[in-house]
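All residue numbers in this chain count up from 1 along the given sequence.
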Amino acid sequence: MVESKDVDTDRLMRELGQTGRYHLRVYVLVALAAVQVGLLHTTYIFLAGDVPYRSKEMESGVGLDVDALMQELGQFKKFHLLNYVLLSLVPFALNHYGVNYVFLAADVQYRCLVPECEAANTTEYNPIWLENALPPNGRERRCKVKVPLEDGFCQPDHFSDKLRSCEQWLYETHDTIVAEFNLACQDWKRTLVGTIHNIGMLVSLPIFGFISDRWGRKRALILSSCLLAIIGTMKAFSISYEMYVIVEFLETVAGASTFPAAYVLTIELLGQNKRVLTTAFLGIMLALGGISFAMFAKTFPYWRTFILVVYPPSLLFLSYIYFLPESIRWLLSKGRKEEAFKIVTKAAKMNNVTLSDETIRQFTVEEKQTKDVKTETNEEEKQGLWVQVIKSPHYYDSFGDLFMVVDNVYLCILWSGNKFCISGWR
């Protein structure tokens, strides 16, 4: 809760009403900002999108035009639609985890416990003498109390004007970690949970980006989803604030890359001309997940119950080992044509499509040519991803172009602004 020294902003907001004309106008303005963030969030997919081209490898039969292959398979038939449904469940589920700290670490009403007037285990939150025992407003009302004139005699007019700091607090509800871990008058600890969450995202993306590029999109997705379920569930058994924060960090490191992995898999299922529609579809599922998240938070207000309800189901993503195929583009980029061809054959059968002779020929080129490609790919893998990027001539070409330099700087600023815009109203 953000408050000045003399104003209790939570009480002020309740007094003003939170669904009146003023608030609705603010909600609309914030929603417009969110729409803008959504428009900018994935523009790089299209601005840096691939374009049709041919190479000597394609002409010799070693390379494959994957976009043409996707067009041939059909992009909205049974195989693709099934995978869209499977992948759309990921952003739907992910929105139950991405910002749940807003509810789990939400502020609750609390007041000082007055030991001269009430027992430590009292449950009466508003006794008749309370208004006279507390300072008039502001932070002091929650963190300080007037000293009683006589012990055990707590009539409304038996309190001095002298204030003392509270040693114990009484909470109106115990639905969040604020009451559970006694975080009264320590707002920095409550907001630190969100900060730790965002730091975990920063750590997660490079780690799972490397896993995705080295061992596959599918493995990265399943690993991230299952770790998210296991570590996230552990939060429900936290016995201290410190344990909760540590598990929050580990959960975010493990699970923040779930959506990027699903997003990349979806994009790589398609030709370039169908990416806008499926990107919008994932965004819709993300929004529906947010609605579902709010409903769960309202239905299960106690934070431990909420965690035990929403986290374990993510273990079901383990079944994607059998149901979800690996990215054909990734397999081909690693020279694993045989595995890619099995998936393509299965897709053609499900979609009732007959592969052209040219496509089959490209998959069944001489083994020597394929081995040469695999050898070259393995040598590149040994160098590491960052070494490949730095050695690439295109890396230096892009930074040699003034436009690209400005564009890179602009994107860094833009992403920082987007993050503040997304997280700022939480």
Check: So does K342 pair up with E339, basic N to acidic O under 4.0 Å?
Finding: no
Item checked: Point-to-point distance, once rounded to the nearest 0.5 Å, from CG of L69 to CZ of R329 -> 8.5 Å
Item checked: Distance-only polar pair, side chains of N182 and Y110, donor-acceptor under 3.5 Å -> no
Next item on the list: Begin from the C-alpha positions of H80 and M70 and carry the test side chain to side chain contact (heavy atoms under 4.5 Å, CB included) through to its verdict.
Entry: CA-CA 10 Å; H80 291 81; M70 294 301 164; 4.2 Å; yes
Check: Once you round to the nearest 0.5 Å, how far does CD1 of I211 lie from CG of L221?
Finding: 12.0 Å
Check: Between S257 and S204, does any side-chain donor sit less than 3.5 Å from a side-chain acceptor?
Finding: yes
Item checked: Residues, nucleotides or ligands: over 12 heavy atoms within 6.0 Å of N126 CG -> yes
Note to self: Can you tell me how far apart CZ (F210) and CG (L205) are? Round to the nearest 0.5 Å.
What the structure shows: 15.5 Å
Notebook entry, point to check: Quick one: which of F296, Y311, Y244 gives a ring-ring contact (aromatic ring centres under 6.0 Å, His included) with W303?
Noted result: Y244
Check: Less than 2.5 Å separating the SG atoms of C112 and C143?
Finding: no
Item checked: Side-chain donor or acceptor of S224 paired with backbone N/O of A254 under 3.5 Å -> yes
Check: Is there a side-chain contact between V253 and I231, using heavy atoms and a 4.5 Å cut-off?
Finding: no
Notebook entry, point to check: For P91 and L286, which heavy atoms make the closest approach, and how far apart are they?
Noted result: O-CD1, 3.4 Å
Item checked: CG-CG distance between D187 and L192, expressed to the nearest 0.5 angstrom -> 12.0 Å
Margin query: My understanding is that only residues two or more places apart in sequence, or in another chain, count here; which of them pass disulfide (SG to SG under 2.5 Å) with C226?
Written below: none
Check: Which pair of non-hydrogen atoms, one from G255 and one from L94, has the smallest distance, and what is that distance?
Finding: O-CD1, 3.9 Å
Checklist line | Any V114 side-chain heavy atom under 4.5 Å of P148 side chain | finding: yes
Next item on the list: Can you tell me which residue pairs pass the side chain to side chain donor-acceptor pair (under 3.5 Å) test with a partner in residues 312-322, sequence neighbours excluded?
Entry: Y97-S314
Check: Only one of E118, E131, E124 clears salt bridge (charged side-chain N to carboxylate O under 4.0 Å, His left out) with R111; which?
Finding: E118
Item checked: Minimal non-hydrogen separation, A119 against L113, with atom names -> O-CD1, 3.8 Å
Notebook entry, point to check: Are side-chain heavy atoms of K337 and L332 found at a separation under 4.5 Å?
Noted result: yes
Notebook entry, point to check: Taking everything shown except Y302 itself, do over 12 heavy atoms lie less than 6.0 Å from its OH?
Noted result: yes
Check: Between F281 and T266, is any pair of side-chain heavy atoms under 4.5 Å apart?
Finding: no
Notebook entry, point to check: Within a strict 4.5 Å, meaning less than it, do heavy atoms of the N83 and F323 side chains meet?
Noted result: no
Checklist line | I222 side chain reached by F317 side chain, heavy atoms, under 4.5 Å | finding: no
Notebook entry, point to check: To the nearest 0.5 Å, how far apart are CG in L308 and CZ in F300?
Noted result: 10.5 Å
Check: Considering all heavy atoms of both residues, which atom of P135 and which atom of K144 are nearest to each other, and what is their separation?
Finding: CD-O, 3.3 Å
Margin query: side chain to side chain contact (heavy atoms under 4.5 Å, CB included), that's the test. Do T191 and T195 meet it? Break it down for me.
Written below: CA-CA 7 Å; T191 56; T195 303; 5.6 Å; no
Check: Is it true that R142 and D107 make a salt bridge, defined as a side-chain N closer than 4.0 Å to a carboxylate O?
Finding: yes
Check: What distance separates R141 CZ from L134 CG, expressed to the nearest 0.5 Å?
Finding: 5.0 Å
Notebook entry, point to check: What pair of heavy atoms forms the shortest contact from A236 to I307, and how long is it?
Noted result: CB-CG2, 3.7 Å
Margin query: Could you tell me if K189 sits above the aromatic ring of Y241, with its cationic atom closer than 6.0 Å to the ring centre and no more than 45 degrees from the axis?
Written below: yes
Margin query: I'd like to check T176 versus L104 (side-chain heavy atoms, cut-off strictly below 4.5 Å). Are they in contact?
Written below: no
Margin query: For a quick test of reading the model, state the closest non-hydrogen atom pair linking F79 to I343 and the distance between them.
Written below: CZ-CG2, 4.0 Å
Check: Is any NZ, NE, NH1 or NH2 atom of the basic residue among R304 and E180 found under 4.0 Å from an Asp or Glu carboxylate oxygen of the other?
Finding: yes
Check: Going through the checks in order, is the salt bridge (Lys or Arg N to Asp or Glu O under 4.0 Å) test met by E116 and R164?
Finding: CA-CA 13 Å; E116 295 88 349; R164 70 182 181 198; 2.6 Å; yes
Item checked: Residue pair F181, S238: steps toward the side chain to side chain contact (heavy atoms under 4.5 Å, CB included) verdict -> CA-CA 10 Å; F181 300 134; S238 297; 4.0 Å; yes
Item checked: Sub-4.5 Å side-chain heavy-atom contact between H96 and S292 -> yes
Margin query: Working note: E326 + R217, criterion salt bridge (Lys or Arg N to Asp or Glu O under 4.0 Å); need CA distance, chi angles, decisive distance, verdict.
Written below: CA-CA 7 Å; E326 182 56 271; R217 321 312 196 190; 5.7 Å; no
Next item on the list: Begin with the C-alpha distance, continue with both residues' side-chain angles, and end with the deciding distance and a verdict on side chain to side chain contact (heavy atoms under 4.5 Å, CB included) for V145 and L163.
Entry: CA-CA 5 Å; V145 66; L163 299 179; over 6 Å; no
